[in-house]
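Along the sequence shown, the residues carry numbers beginning at 1. Quick note: numbers below take in every heavy atom, side chains included, and nothing from hydrogens, waters or symmetry partners.
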Amino acid sequence: MNGGEGDDEAVTSEGPPQPLEWKFSQVFGERTAGEEVQEVDIISAIEFDKSGDHLATGDRGGRVVLFERTDTKDHGYRRDLERMDYPISRHPEFRYKTEFQSHEPEFDYLKSLEIEEKINKIRWCQTANSSLFLLSTNDKTIKFWKVQEKKVKKICDMNVDPSKAGGNGSIASSSMSTTPKPHLANGGLPEKSYMCSSSDIKIPPGGIPSLHLPVVASHETSLAARCRRIYAHAHDYHINSISTNSDGETFISADDLRINLWNLEISNQSFNIVDVKPANMEDLTVVITYYNLKSYFAILIDKFWFSISRIIAHMPRAAWVTLYMSCIRHGLHLHRIGPSRNVITSAEFHPNHCNTLAYSSSKGSIRLIDLRQSALCDTHSKLFEEHETPGSRSFFTEIIASISDIKFGKDGRHILSRDYMTLKLWDINMDSGPVATFQVHEYLRPKLCDLYENDSIFDKFECCLSGDGQRVATGSYSNLFRVFGCTSGSSEATTLEASKNPMRRQVQNPARPSRSLSSLTRVVRRESPGVDANGNAFDFTTKLLHLAWHPTENSLACAAANSLYMYYA
C-alpha cells in the first residue's frame with residue numbers, strides 16, 4: 001500500500017507545477033495620490049546579486065540605491081533548513097542600505113552632445129572581505145564601485161585626571177628641571193621623589209596613575225561607496241549592455257556596433273571582440289532617436305521618412321554634418337547604421353562558461369560566440385532566429401522583431417529573449433527555432449500605428465527567469481507584468497499589476513489546450529485580453545520596463561516609475 005502511494009506521488013510530481021499565487025511584500029518610494037513624479041527619480045535599472053541578499057537600483061538622476069535583505073539575518077540556520085526542506089514562514093523583506101551618486105551629466109565637446117546621467121545597467125561583481133562590488137554605466141562611461149562598512153574610530157582616554165594634576169594639567173607643557181637626576185642601571189628611578197622647580201608637580205616613584213595611554217575605540221559604523229575605476233572613451237554609440245564574466249576578472253560592454261572586453265583591474269585598455277560596423281560608411285541609412293517629440297522637424301521626418309532616408313543615405317560627408325548639427329538644435333539625434341547589418345541591442349555572458357557569450361540584434365536574431373575561436377569574433381558559432389511566415393510582413397515587422405533584452409538561464413542551457421510583442425525561450429542546443437513563445441500583449445497588434453506615432457513601439461522591455469528555470473516574466477503597459485510557466489504542459493500565464501494588490505487586474509481565462517506548431521519546437525502561444533477585469537483601458541504612458549527575479553526564491557522586484565514593488569509566492 002505504501003509503495004503504491006509513493007508511486008502515485010511520483011507521477012503527480014512529474015506534472016507541470018501549479019501556478020503561483022503572488023502576494024505583495026514591500027514597496028519603496030510609493031507615490032501618494034496626485035503626486036507628480038520627477039524625471040530624475042524614475043528607476044532605469046534593477047539587479048539582484050547572486051546570493052539574493054542585496055538588490056541594486058539605478059535611476060535617471062544617476063543615483064544607485066542599495067537594499068539588503070533582513071528576514072534571513074535572524075534565522076541563523078536558514079541554509080541548513082533549506083537543505084532539509086524545512087519551510088520558512090517569513091517572506092523576503094528588504095531594507096534600505098545606502099545610496100550614492102554614480103554618474104553626473106556631462107557634455108561631449110567634440111560631438112556637441114549632452115551625456116545624460118541616467119543609469120542604463122547595473123551588474124554585481126564578486127564580493128570580497130565583506131565588501132560589495134558592482135558596475136554601473138550610463139550612455140558612455142562605466143564605473144566600478146566598492147561599497148563597504150567602515151567603523152568610525154575615535155581616540156579616547158587621552159587625559160590626565162585634573163584633580164591630581166597641577167597648573168594646566170599637562171605634564172608635557174611643564175618645564176622640568178635640568179638638574180641631573182640619578183638613574184638606575186636599567187633606566188629606572190631610585191626610591192625617592194623629585195620636584196619640578198617651575199611647576200612644582202610632584203612625580204611619584206611609580207609614575208602618574210592618572211596619565212592614560214591613547215585608546216582607539218569604535219563607536220559606530222557607516223557605509224562608504226568609493227569609485228575604484230572608470231572605464232571611459234571606448235564607445236562611439238550609447239552603451240546598452242554590460243555583463244560580468246564567470247571568471248570574476250573580466251566583463252563586456254556593448255553599444256550599437258561594437259562589443260568590448262575589459263579587465264576589471266585595467267581601465268585604460270579594452271579589446272574589441274565584436275564589430276558589426278559596415279566597411280563602406282557611405283551606404284548607410286538613418287536611425288533617428290527623438291529627444292524632443294514635439295519638434296516640428298521630427299514630424300516632417302515622420303511624414304516623408306522614405307524619401308528622406310534615401311537622400312541621407314547618399315549624402316556627402318559635409319552635407320551630413322550640416323544636417324546632423326541642425327537636427328541637434330531641433331532636439332533630434334541622428335546616427336547612420338548600415339541597412340544590411342544587425343544593430344547590437346543586448347549582450348550577455350554565459351553564466352558558467354567564461355569563453356561563451358550571446359548578443360541579440362535589431363533583426364530578431366541571437367548570436368552565440370566562442371572567444372576561443374578568434375580574437376575578433378566576426379563569425380558566430382550558432383545563430384538563433386525565427387523565420388517569418390510568408391505573407392505576414394508589414395511596415396512594423398522589423399521594428400517589433402527587434403530584441404530588447406536577453407538573459408541566460410541559471411543552468412546556461414536556455415536563453416530568454418524579449419521583443420516588443422513576445423517572449424521567446426531558446427535552447428542553445430537547438431537553433432531551428434524557439435522552444436516556446438509567449439504572447440505578452442497581443443491585443444496591441446491592431447494599435448501598432450498609434451504606438452508608432454507616440455514612439456511607444458520603441459520601448460525596451462526587460463525579461464527575467466526564475467532560479468529553477470520553470471518560469472519567465474516580463475513587463476507591459478499600465479504597470480502590468482506577466483509570469484509564464486515554461487515547463488512542458490504548463491498553462492500558467494498570470495497577469496499582475498505593480499501595486500499593493502497585484503491580483504486586482506487578474507483575468508480568469510477559460511482553460512484551453514496549448515497550440516503546438518510542432519512536437520519539435522513546442523511553441524506555446526497564450527493570448528491576453530485587451531482590457532482588464534474591470535473594463536479599464538490600458539494606459540500606454542505607464543509602463544513596467546524593468547524587473548528582476550530573485551536567484552533562489554520565487555520573489556520578484558518590479559520598477560514602476562519611481563516606485564520599487566516586491567512580490568513573493
Novice: Applying side chain to side chain donor-acceptor pair (under 3.5 Å), name anything that partners S346, two or more places apart in sequence or on another chain.
Specialist: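 Counting only residues at least two positions away or on another chain, S346 forms no side chain to side chain donor-acceptor pair (under 3.5 Å).
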Novice: In terms of side-chain heavy atoms, does N355 have a donor or acceptor partner in D370 at a distance below 3.5 Å?
Specialist: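 Yes, D370 and N355 have a side-chain donor paired with an acceptor closer than 3.5 Å.
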Novice: Is there a donor-acceptor pair under 3.5 Å between the side chain of S563 and the backbone N or O of G29?
Specialist: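 Yes; at least one donor-acceptor contact below 3.5 Å.
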Novice: Could you work out, with side chain to side chain contact (heavy atoms under 4.5 Å, CB included) as the rule, every residue matching S365, not counting sequence neighbours?
Specialist: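 Scan of S365 (side chain to side chain contact (heavy atoms under 4.5 Å, CB included), adjacent residues dropped) gives N342, S361, R367, L383, E385.
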Novice: So Y452 and F458, would you call those rings parallel, tilted or perpendicular, with 30° and 60° as cut-offs?
Specialist: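 Correct class here is tilted.
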Novice: What are the two closest heavy atoms between I259 and I252, and how far apart are they?
Specialist: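 I259 and I252 have their closest heavy atoms at CG2-CB, 4.1 Å.
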Novice: Treating K407 as the side-chain partner and I415 as the backbone partner, does any N or O pair qualify as donor plus acceptor under 3.5 Å?
Specialist: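 No: the side chain of K407 does not pair with the backbone of I415.
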Novice: Could you work out, with side chain to side chain contact (heavy atoms under 4.5 Å, CB included) as the rule, every residue matching A401, not counting sequence neighbours?
Specialist: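 Side chain to side chain contact (heavy atoms under 4.5 Å, CB included) list for A401, sorted by chain: empty.
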Novice: Salt bridge or not for D139 and K118, using N-O below 4.0 Å?
Specialist: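 Looking at D139 and K118, the cut-off is not met.
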Novice: Tell me, do T356 and I369 make a side-chain contact under 4.5 Å, heavy atoms counted?
Specialist: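 A side-chain contact under 4.5 Å is absent here.
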Novice: So that I can tick it off, tell me whether R413 and D411 are bridged by a salt bridge, with the cut-off set at under 4.0 angstrom between side-chain N and carboxylate O.
Specialist: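 No, this pair does not count.
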Novice: Would you check if the side chain of D255 reaches a backbone N or O of R258 as a donor-acceptor pair within less than 3.5 Å?
Specialist: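 A pair under 3.5 Å: yes.
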Novice: Are the ring centres of Y420 and H441 closer than 6.0 Å?
Specialist: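 Here the rings of H441 and Y420 have centres that are less than 6.0 Å from each other.
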Novice: Within the 4.5 Å heavy-atom criterion, are T494 and F484 side-chain neighbours or not?
Specialist: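 Counting from C-beta outward, T494 and F484 never come under 4.5 Å.
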Novice: For F24, look at atom CZ and say whether over 12 heavy atoms of other residues, nucleotides or ligands are found less than 6.0 Å away.
Specialist: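 It does: F24 CZ has more than 12 such atoms within range.
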Novice: Residues in side chain to side chain donor-acceptor pair (under 3.5 Å) with S555, at least two apart?
Specialist: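 Per chain and number, S555 pairs via side chain to side chain donor-acceptor pair (under 3.5 Å) with no residue.
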Novice: With R31, which residues qualify under side chain to side chain donor-acceptor pair (under 3.5 Å), at least two apart?
Specialist: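 So R31 forms no side chain to side chain donor-acceptor pair (under 3.5 Å) with any residue.
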Novice: Tell me whether E47 is salt-bridged to R123, with the criterion being a basic N under 4.0 Å from an acidic carboxylate O.
Specialist: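 Answer for the salt bridge query: yes.
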Novice: Using only heavy-atom distances, determine whether the side chains of T345 and S362 contain a donor-acceptor pair under 3.5 Å.
Specialist: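 No, no side-chain donor-acceptor pair sits under 3.5 Å.
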Novice: Between CD of E21 and NZ of K23, what distance do you get to the nearest 0.5 Å?
Specialist: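 Answer for the CD-NZ pair, E21 versus K23, is 5.5 Å.
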Novice: In this structure, is the centre-to-centre distance between the rings of F28 and F94 below 6.0 Å?
Specialist: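 Not close enough - the centres of the two rings lie 6.0 Å or further apart.
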Novice: Quick one: do K500 and E30 make a salt bridge, cutoff under 4.0 Å?
Specialist: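 Salt bridge present between K500 and E30.
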Novice: Listed by chain and number, what are the ring-ring contact (aromatic ring centres under 6.0 Å, His included) partners of F349, not counting sequence neighbours?
Specialist: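 ring-ring contact (aromatic ring centres under 6.0 Å, His included) check on F349 returns nothing, list empty.
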Novice: Taking the basic N atoms (NZ, or NE/NH1/NH2) and the acidic carboxylate oxygens, is any pair closer than 4.0 Å for D236 and K277?
Specialist: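 No, D236 and K277 are not salt-bridged.
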Novice: Do R60 and S44 have side-chain atoms, one donor and one acceptor, less than 3.5 Å apart?
Specialist: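 Short answer, no.
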Novice: Taking C-beta and beyond as the side chain, do L134 and L66 meet within less than 4.5 Å on heavy atoms?
Specialist: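 SC-SC contact between L134 and L66 confirmed.
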Novice: Among all residues two or more places apart in sequence or in another chain, which pass the ring-ring contact (aromatic ring centres under 6.0 Å, His included) test with H350?
Specialist: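 With neighbours one apart ignored, the set is H353, F408.
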Novice: Go through the structure and list residues passing ring-ring contact (aromatic ring centres under 6.0 Å, His included) with W124, not counting sequence neighbours.
Specialist: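 Per chain and number, W124 pairs via ring-ring contact (aromatic ring centres under 6.0 Å, His included) with no residue.
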Novice: Heavy atoms only: give me the nearest S241-A347 pair and the separation to one decimal.
Specialist: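 So the two residues come closest at OG-N, 3.2 Å.
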Novice: Would D468 and K410 count as a salt bridge (Lys or Arg N to Asp or Glu O under 4.0 Å) here? Give the steps.
Specialist: CA-CA 7 Å; D468 56 12; K410 191 175 182 180; over 6 Å; no
Novice: How many angstroms lie between atom NZ of K143 and atom CG of L135, to the nearest 0.5 angstrom?
Specialist: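 One gets 12.5 Å once the value is rounded to the nearest 0.5 Å.
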Novice: Test of understanding: with ring-ring contact (aromatic ring centres under 6.0 Å, His included), list the residues that count as partners of F481, not counting sequence neighbours.
Specialist: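 Checked F481 against ring-ring contact (aromatic ring centres under 6.0 Å, His included); matches are Y567.
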Novice: Output, in order, the C-alpha distance, side-chain angles, deciding distance and verdict of side-chain hydrogen bond (donor to acceptor under 3.5 Å, both in side chains) for S478 and T542.
Specialist: CA-CA 5 Å; S478 299; T542 57; 4.7 Å; no
Novice: Are the side chain of W426 and the backbone of M430 linked by a donor-acceptor contact shorter than 3.5 Å?
Specialist: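 Such a contact is absent between W426 side chain and M430 backbone.
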Novice: Under the side-chain hydrogen bond (donor to acceptor under 3.5 Å, both in side chains) test against E492, which residue among Q470, Q18, R471 passes?
Specialist: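 Going through the options one by one, the only one that passes is R471.
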Novice: Let me see the working for T250 and W262 under side-chain hydrogen bond (donor to acceptor under 3.5 Å, both in side chains), right down to the final yes or no.
Specialist: CA-CA 5 Å; T250 57; W262 301 83; over 6 Å; no
Novice: Under the 3.5 angstrom rule, does the side chain of T397 hit a backbone N or O of S394 as a donor-acceptor pair?
Specialist: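 Between the backbone of S394 and the side chain of T397 there is a qualifying donor-acceptor contact (under 3.5 Å).
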Novice: Just to verify, what does A559 make a side chain to side chain contact (heavy atoms under 4.5 Å, CB included) with, not counting sequence neighbours?
Specialist: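 Partners of A559 under the side chain to side chain contact (heavy atoms under 4.5 Å, CB included) test: I43, H546.
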Novice: Report the C-alpha separation of H550 and Y568 in whole Å, then their side-chain angles, then the decisive distance to 0.1 Å, and conclude whether the ring-ring contact (aromatic ring centres under 6.0 Å, His included) test is met.
Specialist: CA-CA 9 Å; H550 193 280; Y568 71 99; over 10 Å; no
Novice: So, are R418 and D405 salt-bridged, with charged N and O less than 4.0 Å apart?
Specialist: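 The answer is no: the pair does not qualify as a salt bridge.
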Novice: Once side chain to side chain contact (heavy atoms under 4.5 Å, CB included) is applied, do any residues pair with D459, and if so which ones, sequence neighbours excluded?
Specialist: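 Expected list: S456, F461, Y477, K543, L545.
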Novice: Say whether T541 and D539, considering side chains only, have a donor N or O and an acceptor N or O under 3.5 Å apart.
Specialist: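 A pair is found: one side chain offers a donor N or O, the other an acceptor, under 3.5 Å apart.
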Novice: Residues in salt bridge (Lys or Arg N to Asp or Glu O under 4.0 Å) with D419, at least two apart?
Specialist: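 Residues passing salt bridge (Lys or Arg N to Asp or Glu O under 4.0 Å) with D419: K424.
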Novice: Does H103 offer a backbone N or O that forms a donor-acceptor pair with the side chain of N138 under 3.5 Å?
Specialist: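 Side chain of N138 to backbone of H103: no pair is present.
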